[in-house]
Amino acid sequence: MAPAHARLLVELARAHLDLYEEESERLDTAAESDDGSQEAELARLEREHLIPALSHYLQARDTCPLMG
């Protein structure tokens with residue numbers, strides 16, 4: 001990892017965060033049943049997009065502290 005990679009990590013984190021926000025808004029506006037599917041979908045979004053986004057932000061900070 002080089003400091004130049006930090007910018008790519010931030011862009012990747014933003015992409016994950018954008019996907020998470022778009023999909024979670026879609027879940028909020030969707031009329032779904034209360035059978036737990038919405039909670040399961042939100043957990044999947046967190047696992048696939050929110051956690052990687054935060055991880056990439058931390059990696060970017062660790063790679064180049066001046067970016068934070």
Side-chain angles (χ1 to χ4, degrees):
M1 297 296 269
H5 291 126
R7 178 164 284 133
L8 294 175
L9 288 168
V10 168
E11 289 178 21
L12 183 57
R14 285 184 185 149
H16 273 293
L17 198 55
D18 288 344
L19 284 171
Y20 173 78
E21 289 174 350
E22 288 173 14
E23 291 297 313
S24 61
E25 281 182 28
R26 181 188 58 79
L27 283 177
D28 286 342
T29 59
E32 293 194 39
S33 62
D34 293 329
D35 62 357
S37 62
Q38 192 170 10
E39 288 84 15
E41 183 68 14
L42 188 57
R44 182 191 66 79
L45 288 174
E46 289 173 356
R47 188 176 56 253
E48 292 181 6
H49 296 295
L50 185 60
I51 292 171
L54 297 174
S55 176
H56 291 307
Y57 278 129
L58 288 174
Q59 289 175 2
R61 182 208 58 198
D62 292 345
T63 303
C64 184
L66 296 177
M67 288 205 61

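None of these values were measured; they are calculated from a predicted model. Residues: numbered from 1 along the sequence shown.
- Leu19 and Leu12 sit in two unconnected hydrophobic clusters of ILVMFWY residues. Membership requires side-chain heavy atoms under 4.5 Å apart, directly or through other members.
- Atoms CD and CG, on Glu22 and Leu45 in that order, are 11.0 Å from each other to the nearest 0.5 Å.
- Annotation: side-chain contact (heavy atoms from CB on, under 4.5 Å) contacts of Leu42 (sequence neighbours excluded): Tyr20, Ser24, Leu27, Glu46.
- A pairwise comparison of heavy atoms in Cys64 and Ala6 identifies CB-CB, 3.7 Å as the closest pair.
- Within the structure, salt bridge (charged side-chain N to carboxylate O under 4.0 Å, His left out) pairs that include any residue of residues 9-20 do not occur (at least two apart or interchain).
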Atom pairs and distances, donor-acceptor, side-chain atoms in residues 47-58, under 3.5 Å, two or more places apart:
from: Glu48; atom 1: OE1; to: Arg44; atom 2: NH1; distance (Å): 2.6
from: His49; atom 1: ND1; to: His16; atom 2: ND1; distance (Å): 3.1

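- Nearest approach of Leu9 to Gln59, heavy atoms of both residues: CD2-OE1, 3.5 Å.
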